[in-house]
Amino acid sequence: MEEVEVAPPQAMEVRLKILFTSLCHTDVYLWEAKGQTPLFPCIFGPEAGGIVESVGEGVTDLKPGDHVLPVFTGECKECRHCESEESNMCDLLRINTDRGVMLNDGKSRFSINGQPIYHFVGTSTFSEYTVVHVGCVAKINPAAPLDKVCVLSCRISTGLGATLNVAKPKKGSTVAVFGLGAVGLAAAEGARISGASRIIGIDLNAKRFDQAKKFGVTEFVNPKDHDKPVQEVLAEMTNGGVDRSIECTGSINAMISAFECVHDGWGVAVLVGVPSKDDAFKTHPVNILNGRTIKGTFFGNYKPRSDLPSVVEKYMNKELELEKFITHEVSFSEINKAFEYMLRGDGLRCIIHMDA
C-alpha cells in the first residue's frame with residue numbers, strides 16, 4: 001500500500017471517490033506484460049462504483065454526490081462512432097492501454113513525492129480517489145447498490161451485451177456459449193433473459209458446469225470428451241446447428257468452432273474473446289455463403305454513458321441477477337487475496353470494499 005496524491009480534475013475531468021472495485025483478468029494480463037509494454041508504475045483497476053467528489057471546467061452533466069460507474073472505454077458523444085446507433089467505439093475515448101496520462105494535458109493526476117504514477121485504461125480504480133475523463137463516467141440511479149452494480153462497468157456488460165445487443169436470440173432459440181468464465185456466464189445470463197430454450201455451455205474445465213446452471217445453462221459439452229470437432233458434436237445435438245453462439249475465450253479454435261456450429265441459413269456467431277496477435281481465422285467460404293453470419297463486439301456494444309444506466313435498471317427491476325456473479329468480498333487492505341482468488345480460478349467476481 002502506498003499513499004498517493006490525486007490532483008484536482010482539469011477541464012472535462014471528474015475526481016471520483018471509489019467505494020467498491022473489482023478485479024479483471026486485464027489487470028493480471030498487463031501486470032505480467034504479456035504481449036504488451038504497459039507503463040509502470042501505474043495504478044490498476046478497470047471496474048468500480050463510486051461517487052463524484054469534484055468536477056473540472058466544462059463538466060455540466062455530473063455534479064458532486066452523483067453515483068457513477070467509471071468505464072475503461074468512453075463516449076464523447078461527438079465523433080462519428082458516438083453519433084452512430086451502430087457503434088460504441090468512440091474515436092476519442094476507446095480503450096487505450098498505452099496512454100497512461102490524461103488527454104487534456106498529457107499528464108498524470110497521480111503522484112508520489114512529485115513523481116508521476118501512470119493511469120490504467122483511463123480508470124485506475126485501485127485507489128480511494130481517481131480522476132477520469134467525463135466521457136468515461138456513467139451516471140446511474142443513486143438507489144442502486146454500488147457494491148453490486150460495480151461489476152457492470154467491465155466484463156459482465158461485455159458478455160451480457162454480446163447476447164442481448166449483438167446475437168439477439170429469439171425466444172425459444174438454442175444458444176451455445178464458448179467459455180464459462182465471467183464473460184461467458186454473463187452471455188448465458190443474456191440468453192436466459194432472452195428466453196432461449198436451450199443454452200449449451202462449452203468449456204474445457206468440467207468444474208465450471210455446476211456453477212453455470214445458475215445462469216440458465218441447460219447442457220454442457222467438454223470438447224476433451226469427444227473424438228470429433230466440437231462444432232460437429234453441437235450440430236448433431238441440435239439438428240444441424242445452434243441458432244446463436246457467443247465465443248468468450250479468445251482461443252482461435254473456439255472462434256472457428258463457434259462460427260461453424262451455427263445453423264446454415266440463419267445462424268449468427270458473435271466473437272467476444274481477444275485472440276493472440278498472430279492468430280488467423282480460417283474457415284471455408286461456403287460456410288458464409290450458406291447463410292451463416294459472424295459478428296464481433298466490443299463492451300457488448302454498450303455506449304457507456306447512454307446505455308449503462310438502463311443496464312443498472314435491469315438489475316433494479318430484477319430482470320438481471322448480479323449477486324450470483326459475486327463470489328468473494330474483501331477489504332482494500334486485502335486486495336492481494338482477490339488476485340489470489342482470480343489466479344487460481346476460485347469464483348467469479350471479488351468485490352473490494354475501499355473503506356473497509
Side-chain angles (χ1 to χ4, degrees), residues 22 24-26 46-49 69-75 77 81-82 84-90 93-95 121 123 135-141 144 148-171 173 175-196 199 201 215-217 243-250 255 258 268-274 293-317 319-322 324-325 348-349:
S22 181
C24 177
H25 278 280
T26 306
E47 184 173 278
L69 301 180
V71 186
F72 65 90
T73 188
E75 181 186 356
K77 296 193 175 184
H81 283 280
C82 287
S84 169
E85 295 181 356
E86 300 180 39
S87 175
N88 67 339
M89 301 186 71
C90 177
L93 298 169
R94 75 175 65 177
I95 185 172
V121 298
T123 51
C136 297
V137 179
K139 179 181 176 180
I140 64 168
N141 184 344
K148 304 295 187 299
V149 299
C150 66
V151 300
L152 291 173
S153 63
C154 190
R155 305 186 84 191
I156 306 306
S157 292
T158 296
L160 184 73
T163 303
L164 296 180
N165 299 333
V166 188
K168 298 180 180 179
K170 298 177 181 177
K171 186 176 182 179
S173 59
V175 177
V177 177
F178 286 74
L180 298 176
V183 176
L185 293 177
E189 178 77 354
R192 182 193 67 79
I193 292 171
S194 299
I199 304 174
F215 298 84
V217 177
D243 301 307
R244 300 288 188 268
S245 71
I246 301 98
E247 185 284 322
C248 305
T249 69
M255 292 180 176
V268 177
V270 178
L271 306 187
V272 181
V274 179
T293 300
I294 185 168
K295 295 184 176 184
T297 180
F298 170 71
F299 193 51
N301 280 31
Y302 286 120
K303 293 178 185 284
R305 299 164 77 184
S306 299
D307 297 334
L308 275 192
S310 64
V311 182
V312 170
E313 291 309 308
K314 283 185 181 294
Y315 168 75
M316 297 297 285
N317 296 333
E319 298 173 54
L320 171 63
E321 300 171 11
L322 293 178
K324 58 192 176 185
F325 287 99
L348 295 173
R349 273 290 176 268

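Not measured: the values here are computed from a predicted model. Starting from 1, each residue takes its place in the sequence as its number.
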So Lys314 and Leu164, side-chain contact (heavy atoms from CB on, under 4.5 Å) or not? Walk me through it. CA-CA 12 Å; Lys314 283 185 181 294; Leu164 296 180; 4.3 Å; yes

Closest non-hydrogen contact found for Lys148 with Leu322 is O-CD1, 3.8 Å

Report yes if some heavy atom in the side chain of Leu160 is under 4.5 Å from a heavy atom in the side chain of Ile193; otherwise report no. yes

What's the shortest heavy-atom distance between Ala144 and Met316, and which atoms? CA-SD, 3.6 Å

Under 3.5 Å donor-acceptor, Glu247 side chain and Gly273 backbone: yes

Report yes if the side chains of Leu320 and Val311 come closer than 4.5 Å at any heavy-atom pair, otherwise no. yes

Side-chain donor or acceptor of Lys171 paired with backbone N/O of Ala196 under 3.5 Å: no

From Met255 CE over to Cys248 SG, what is the distance, rounded to the nearest 0.5 angstrom? 9.5 Å

Donor-acceptor contact below 3.5 Å, side chain Ser245 vs main chain Ala258: yes

Nearest-0.5 Å distance that lies between atom CZ in Phe72 and atom CZ in Arg155: 10.0 Å

So which atom in Ile199 and which in Arg192 form the shortest heavy-atom distance, rounded to 0.1 Å? CD1-N, 3.6 Å

Show your working on side-chain contact (heavy atoms from CB on, under 4.5 Å) between Arg349 and Glu47 and close with a plain yes or no. CA-CA 11 Å; Arg349 273 290 176 268; Glu47 184 173 278; 2.8 Å; yes

Short question: side chain of Thr297, backbone of Asn301 - any donor-acceptor pair under 3.5 Å? yes

Paired with Val175, the side-chain contact (heavy atoms from CB on, under 4.5 Å) test is passed by just one of Val217, Asp243, Ile246, namely Ile246

Lys303 side chain reached by Lys77 side chain, heavy atoms, under 4.5 Å: no

Keeping the roles fixed (side chain from Glu75, backbone from Ser306), state whether a donor-acceptor pair exists under 3.5 Å. yes

Does Phe299 reach the side chain of Ser157, with side-chain heavy atoms less than 4.5 Å apart? yes

Can a donor-acceptor pair be found, under 3.5 Å and without considering hydrogens, that links the side chain of Asn88 to the backbone of Tyr302? yes

Test side-chain contact (heavy atoms from CB on, under 4.5 Å) on Leu180 and Phe215 and set out the steps. CA-CA 10 Å; Leu180 298 176; Phe215 298 84; over 6 Å; no

When you measure from the side chain of Ser87 to the backbone N and O of Ser84, does any donor-acceptor pair fall under 3.5 Å? no

Looking only at atom types and distance, does a side-chain atom of Asn317 sit under 3.5 Å from a main-chain N or O of Glu313, one as donor and one as acceptor? yes

Can you tell me if Ser310 uses its side chain to pair, donor with acceptor, with the backbone of Asp307 under 3.5 Å? yes

Kindly compute the distance separating CG (Leu271) from NZ (Lys295), expressed to the nearest 0.5 Å. 12.0 Å

What's the shortest heavy-atom distance between Ile156 and Phe325, and which atoms? CD1-CD2, 3.4 Å

Val312 side chain near Leu69 side chain, heavy-atom distance below 4.5 Å: yes

Is there a side-chain contact between Val270 and Val268 in this structure, where contact means two heavy atoms from C-beta onward sitting under 4.5 Å apart? yes

Taking all atoms of both residues into account, what is the closest heavy-atom pair of Lys324 and Leu348, and its distance? O-CD1, 3.9 Å

Do you know the tightest heavy-atom contact between Leu308 and Leu152? CD2-O, 3.8 Å

Exceeds 12 heavy-atom contacts within 6.0 angstrom, atom CD of Glu86: no

Out of curiosity, Ile140 CD1 to Ser153 OG, how far, rounded to the nearest 0.5 Å? 9.5 Å

Checking Ser173 side chain against Pro169 main chain: does a donor-acceptor pair fall under 3.5 Å? no

